[in-house]
K.L.:
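Below you will find the structure I want to go over with you.
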Amino acid sequence: MSGDHSHNEDQIDCGSRVNDSHKHKDKYKEKEHKHKDHKKDKEREKSKHGNSDHKDFSDKKHRDKEKEKMKHKDGSTDKYKDKHKEKKMKSLDGKVKKEKENGFASPQHMKSEPEDDFYHSPKYEKSLKRERDDDDNELLIGWLYFVDSRWEEERYTDGPVFAPPYEPLPSNVKFYYDGKVMRLSPEAEEVATFFAKMLDHEYTTKDIFRKNFFKDWRKEMTAEEKAKITDLKKCNFSEMNEFFKAQSEARKAMTKEEKQKIKEDNERILQEYGFCIMDNHRERIANFRIEPPGLFRGRGDHPKMGMLKRRIRPEDIIINCSKDSKHPEPPPGTRWKEVRHDNKVTWLVSWTENIQGSIKYIMLNPSSRIKGEKDWQKYETARRLKKCVDRIRNQYREDWKSKEMRIRQRAVALYFIDKLALRAGNEKEEGETADTVGCCSLRVEHIKLYPENDGQEYVVEFDFLGKDSIRYYNKVPVEKRVFKNLQLFMENKEPDDDLFDRLNTSILNKHLQELMDGLTAKVFRTYNASITLQQQLKELTNAEENIPAKILSYNRANRAVAILCNHQRAPPKTFEKSMQNLQTKIDAKREQLSDAKRELKSAKADAKVRKDEKSKKAVETKKKAVQRIEEQLMKLEVQATDREENKQIALGTSKLNYLDPRISVAWCKKWGIPVEKIYNKTQREKFAWAIDMADEDFEF
DNA sequence: GCACCTACTTAGAACCCATGGT
DNA sequence: ACCATGGGTTCTAAGTAGGTGC
């Protein structure tokens, strides 16, 4: 298979390459320097045109690509396709009798099929793109609408929920500047309250946060305020802070009835604004509230932390819905920025945010048809990778020997992505975000090479900040070839130079696309996560054990994935204490158990002497009690183990985003575990498609 | 090929509130 | 009935990836 990707072609585009390894290296160096200069130029003068240093990157392998395409065509002509076409279409057009609330039909016989490729028949692919392709079959986003009671008769008319307007502070809550009371204009006061609310947070001690906040705050001040307030250190927000604390205390202290009232109000708002109609289905909207103004809280060392996130007005909002549906009306006296009818995108509302200038969207809930189908598709792509991952692995191992630097770098990077489940690592604009990296954007300073470490050869130590500034630290032995390549990539580079200077995510993904239709770097994470879960479940589940023990096994399998994907969490602040509490409970339960056992013993002795019915019964009762307590103790011990092992690991992210839910559903069915033990209500809604679809024989 | 733009998924923190133990 | 705790929910930032136009 890997022979499909001929290396002859690779040699053509760099005629100057020589076999002699020394010269070879020199050639690389030359290139690197050029590249580096180019990079520096880029950073200095972004507006200038790029140079032509990257010409040799553009060589494409059309022949291979076409071969691949052919293969996939063949592959998808699956013998089961026709049989299932009908059901599939049903599940997608949303008009079947067997339909569930969420709009998914239940496929009845999907179970026993040895191959699952029918999900990928051209029909399926097409219907997913139906909104794009069929002009006469328009995406229907109707708006179930009641802006307030005045509009009750209007069936289709609601819209996004705006943040409540600012309520000025009561006059007894004072702000002090330089020790003296100072009345702020409403605009300045609002921004001040954002800061005041955060006084207990570490953010407000950080220089960048304070600097950014102060700069943006001053923009909201009147000329007089601006003239007077020149030093944040002289600002005293503590009365404001106490006011908000008291407010939240008061909220907590509300009576049941008051709380109930609020709950009902929220429910009403949810029912009014939290749904829309898409393709004849009433679908839950994920985020129907527009983000309120506040201070930007970036993660990690974010250069923009503390900046003012401005209030979003109707004039900032683009509404997207179908032409024939009544679009929501903007609040009286305002207008939307735009109303458009783009049926090629899934969002209902968008606006441009002022911190990064990026676009924010209102979209549907994960339980919606459109999200569910996409999710399904994602796992099907990962399953297709399973079928060709061996070929791809062989290929990149071959590529470690390539004469071309760019190919070696690509191959080593792909190896990391595959083996370590690293993220792709898009380039980021410097100074706009926290300094974090993924695979392709790794720098020399992020890895250390040890020819020998703790008795292992060729060890690479990774230490870098990834997404959300979560640290990735790992020491891994790698193949000798990888190690040698890394040494080569690092030669004559500064710590802050790119490790893979001839690679980026775009190049990598173009290559992956040629290896498999739909393949991108992130598919490896999905694939490796899911396959790890499946394999770990097989390994860890013990048929003899009871349900809690089996669930522990499940959580451990889940944990293996979370560790692979580096899904971390801050250990809960109360962790130690809650662990202690649990231990106390366990000790008490042990005590209780030995008491119960003692009682059983004496009851037995008693029964032996008396030999009457009554004492026999007593023995039975005691036996049952011992059993019950044993079970309880076991449950507690399992809980303790589970919690301890979970201290710094977040299971939710992988469960929600990386693990094919059909694996879990199949596991539940196989071992008679109620699916509710694995997925809560929200998760069951999100994975409804999988719960309907998978039976115990499902294989990822 | 690159900068920029757009649309979508993935992510941990913060917040909320039901639960179950006392 | 009360309260602490942890699981569930919400929030929105931070990624991936593909398109466009020069």
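The basis for the numbers below is simple: all heavy atoms, side chains too, and nothing from hydrogens, waters or symmetry mates. Just so we're on the same page: letters track the sequence lines, and every chain starts at 1.
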K.L.:
Which part of the nucleic acid, if any, lies within reach of A/Gly466 when heavy atoms closer than 4.0 Å are counted: base, sugar-phosphate only, or nothing?
P.N.:
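Contact class for A/Gly466: sugar-phosphate only.
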
K.L.:
Within the pair A/Lys428 and C/dG15, is there a side-chain N or O less than 4.0 Å away from OP1 or OP2?
P.N.:
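Yes.
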
K.L.:
Within the structure shown, what part of the strands sits under 4.0 Å from A/Gly652 by heavy-atom distance: base, sugar-phosphate, or nothing?
P.N.:
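Contact class for A/Gly652: none.
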
K.L.:
How long is the line joining CZ of A/Arg423 and C1' of C/dA13, in whole Å?
P.N.:
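From A/Arg423 CZ to C/dA13 C1': 13 Å.
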
K.L.:
Going by distance alone, is a donor N or O of one side chain under 3.5 Å from an acceptor N or O of the other, for A/Ser322 and A/Asn343?
P.N.:
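No, no side-chain donor-acceptor contact under 3.5 Å.
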
K.L.:
Taking the nucleotide of DNA chain B with the nearest heavy atom to each, does A/Asn266 or A/Tyr361 sit closer to the 5' end?
P.N.:
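Nearest nucleotide further toward 5': that of A/Tyr361.
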
K.L.:
For A/Arg299, which contact category applies under a 4.0 Å heavy-atom criterion: base, sugar-phosphate, or nothing?
P.N.:
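Base contact.
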
K.L.:
State whether A/Lys360 places a side-chain N or O below 4.0 Å from either non-bridging phosphate oxygen (OP1 or OP2) of C/dA13.
P.N.:
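Yes, A/Lys360 has a side-chain N/O under 4.0 Å of OP1/OP2 on C/dA13.
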
K.L.:
Give the nucleotide from the list B/dG12, C/dA13, C/dG18 with an atom nearest to the side chain of A/Gln513.
P.N.:
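Output: C/dG18.
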
K.L.:
Where do A/Ala529 and A/Val561 come nearest, in terms of heavy atoms and distance?
P.N.:
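Smallest interatomic distance, heavy atoms only, reads O-CG2, 3.4 Å.
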
K.L.:
Between C/dC11, B/dA7, C/dA17, which one does the side chain of A/Asn426 approach most closely?
P.N.:
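So the nucleotide nearest the side chain must be C/dA17.
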
K.L.:
Think A/Thr682 has a side-chain N or O under 4.0 angstrom from the OP1 or OP2 of C/dT9?
P.N.:
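Indeed, a polar side-chain atom of A/Thr682 lies that close.
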
K.L.:
Would you indicate, yes or no, if B/dG12 has its OP1 or OP2 atom less than 4.0 angstrom from a side-chain nitrogen or oxygen of A/Thr653?
P.N.:
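So the side chain of A/Thr653 is within the cut-off, an N or O lying under 4.0 Å from OP1 or OP2 of B/dG12.
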
K.L.:
Which part of the nucleic acid, if any, lies within contact of A/Ala521, taking any heavy atom under 4.0 Å across all strands shown: a base, the sugar-phosphate backbone alone, or nothing?
P.N.:
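Since only primed, P, OP1 and OP2 atoms lie under 4.0 Å of A/Ala521, the category is sugar-phosphate.
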
K.L.:
Do A/Trp351 and A/Glu291 come within less than 4.5 Å of each other through their side chains, counting heavy atoms only?
P.N.:
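Yes; the side chains approach each other to less than 4.5 Å.
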
K.L.:
On DNA chain B, does the nearest nucleotide to A/Lys263 precede the nearest nucleotide to A/Arg569 from the 5' side, or the other way round? Give the residue.
P.N.:
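Nearest-nucleotide comparison on DNA chain B picks A/Arg569.
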
K.L.:
Check whether any side-chain N or O of A/Tyr658 sits under 4.0 Å from OP1 or OP2 of B/dA11, and answer yes or no.
P.N.:
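Looking at the OP1 and OP2 atoms of B/dA11, one of them is under 4.0 Å from a side-chain N or O of A/Tyr658.
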
K.L.:
C/dA13 C1' sits how many Å from A/Ile359 CD1, rounded?
P.N.:
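Going from CD1 in A/Ile359 over to C1' in C/dA13 covers 16 Å.
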
K.L.:
Using a 4.0 Å heavy-atom cut-off across all strands, classify A/Lys655 as base, sugar-phosphate, or nothing.
P.N.:
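Nothing, no nucleic acid heavy atom in range.
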
K.L.:
Look at A/Asn287 and C/dC11 and indicate whether a side-chain polar atom (N or O) is within less than 4.0 Å of OP1 or OP2.
P.N.:
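Result: no.
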
K.L.:
Under 4.0 Å between a side-chain N or O of A/Asn680 and OP1 or OP2 of C/dG8?
P.N.:
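Affirmative; the distance criterion is met.
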
K.L.:
Do A/Lys428 and A/Ser441 have a side chain donor and acceptor closer than 3.5 Å?
P.N.:
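The answer is no; no qualifying pair exists.
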
K.L.:
Could you state the CG-P distance from A/Leu651 to B/dG12, rounded to the nearest angstrom?
P.N.:
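It is 11 Å, rounded to the nearest whole Å.
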
K.L.:
Are any side-chain N or O atoms of A/Asn320 and backbone N or O atoms of A/Trp347, one a donor and one an acceptor, separated by less than 3.5 Å?
P.N.:
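Yes; at least one donor-acceptor contact below 3.5 Å.
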
K.L.:
Quick one: is C/dG15 close enough that its OP1 or OP2 comes under 4.0 Å of any side-chain N or O from A/Thr436?
P.N.:
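Yes, within the criterion.
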
K.L.:
Base, sugar-phosphate alone, or nothing: which one does A/Arg525 contact when heavy atoms must sit under 4.0 Å apart?
P.N.:
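Since only primed, P, OP1 and OP2 atoms lie under 4.0 Å of A/Arg525, the category is sugar-phosphate.
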
K.L.:
Where the side chain of A/Trp347 is defined as all heavy atoms beyond and including C-beta, which of B/dA7, C/dT9, C/dT16 is the nearest nucleotide?
P.N.:
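Comparing B/dA7, C/dT9, C/dT16 against the side chain of A/Trp347, the answer is B/dA7.
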
K.L.:
Find the distance A/Glu427:CD to C/dG18:P and express it as a whole number of Å.
P.N.:
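After rounding, the reported distance stands at 14 Å.
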
K.L.:
Just call it for A/Lys378: base, sugar-phosphate, or nothing, with non-hydrogen atoms closer than 4.0 Å on any strand.
P.N.:
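Sugar-phosphate, no base atom in range.
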
K.L.:
Touch check for A/Glu353, heavy atoms < 4.0 angstrom, all strands: base, sugar-phosphate only, or nothing?
P.N.:
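It contacts nothing in the nucleic acid.
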
K.L.:
By nearest atom, which of the nucleotides B/dA14, C/dA13, C/dG18 is closest to the A/His201 side chain?
P.N.:
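The answer is B/dA14, which lies nearest to the side chain.
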
K.L.:
Any base atoms under 4.0 Å from A/Ile470, or only sugar-phosphate, or nothing? Heavy atoms, all strands.
P.N.:
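It contacts sugar-phosphate atoms only.
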
K.L.:
Starting from the 5' end of DNA chain C, give me the residue, A/Ile290 or A/Val437, whose nearest nucleotide shows up first.
P.N.:
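Closest to the 5' end, via its nearest nucleotide, is A/Ile290.
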
K.L.:
I would like to know whether A/Phe209 and A/Tyr203 meet ring pair (Phe, Tyr, Trp, His ring centres under 6.0 Å); could you show each step before the answer?
P.N.:
CA-CA 6 Å; A/Phe209 189 94; A/Tyr203 272 126; 5.2 Å; yes

K.L.:
Could you please name the option among C/dA13, B/dT10, C/dA14 that lies closest to any side-chain atom of A/Lys522?
P.N.:
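In terms of side-chain proximity for A/Lys522, the closest of C/dA13, B/dT10, C/dA14 is B/dT10.
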
K.L.:
Could you give the CZ-to-P distance, from A/Phe464 to C/dG15, as a whole number of Å?
P.N.:
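Atom CZ in A/Phe464 sits about 11 Å away from atom P in C/dG15.
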
K.L.:
Less than 3.5 Å between a donor and an acceptor, one on the side chain of A/Lys467 and one on the base of B/dT10, is that the case here?
P.N.:
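Under the 3.5 Å cut-off, the side chain and the base do form a donor-acceptor pair.
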
K.L.:
From B/dA11, B/dT9, C/dA14, pick the nucleotide closest to the side chain of A/Gln356?
P.N.:
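So the side chain of A/Gln356 is nearest to C/dA14.
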
K.L.:
Looking at A/His302, does any N or O in its side chain come under 4.0 Å of the phosphate oxygens OP1/OP2 on C/dA13?
P.N.:
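Indeed not, no polar side-chain atom of A/His302 lies that close.
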
K.L.:
Counting the atoms with a prime plus P, OP1 and OP2 as sugar-phosphate, which does A/Ala286 contact under 4.0 Å by heavy atoms, base, sugar-phosphate, or nothing?
P.N.:
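Result for A/Ala286 = nothing.
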
K.L.:
Please check the phosphate of C/dG18 (OP1 and OP2 only) for any side-chain N or O of A/Thr520 closer than 4.0 Å.
P.N.:
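For C/dG18, neither OP1 nor OP2 has a side-chain N or O of A/Thr520 closer than 4.0 Å.
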
K.L.:
Look at all strands and tell whether A/Thr433 reaches a base, only sugar-phosphate, or nothing, counting heavy atoms closer than 4.0 Å.
P.N.:
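Nothing: the residue A/Thr433, judged by heavy atoms under 4.0 Å, touches no strand.
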
K.L.:
Starting at atom CD of A/Gln648, determine the distance to atom P of B/dA13, rounded to an integer number of angstrom.
P.N.:
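Taking atom P of B/dA13 as the reference, CD of A/Gln648 is at 11 Å.
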
K.L.:
So, the side chain of A/Asn354 versus the backbone of A/Arg310: is there a donor-acceptor pair under 3.5 Å, distance only?
P.N.:
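At least one qualifying donor-acceptor pair exists.
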
K.L.:
Taking everything shown except A/Lys677 itself, do over 12 heavy atoms lie less than 6.0 Å from its NZ?
P.N.:
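No, NZ of A/Lys677 has 12 or fewer neighbouring heavy atoms, counting only those of other groups under 6.0 Å.
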
K.L.:
Grab the CG-P distance between A/Asn566 and C/dA14 for me, whole Å please.
P.N.:
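In whole Å, C/dA14 P lies 17 Å from A/Asn566 CG.
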
K.L.:
Once you round it to whole Å, what is the distance between P of B/dA3 and CG of A/Asn504?
P.N.:
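From A/Asn504 CG to B/dA3 P: 10 Å.
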
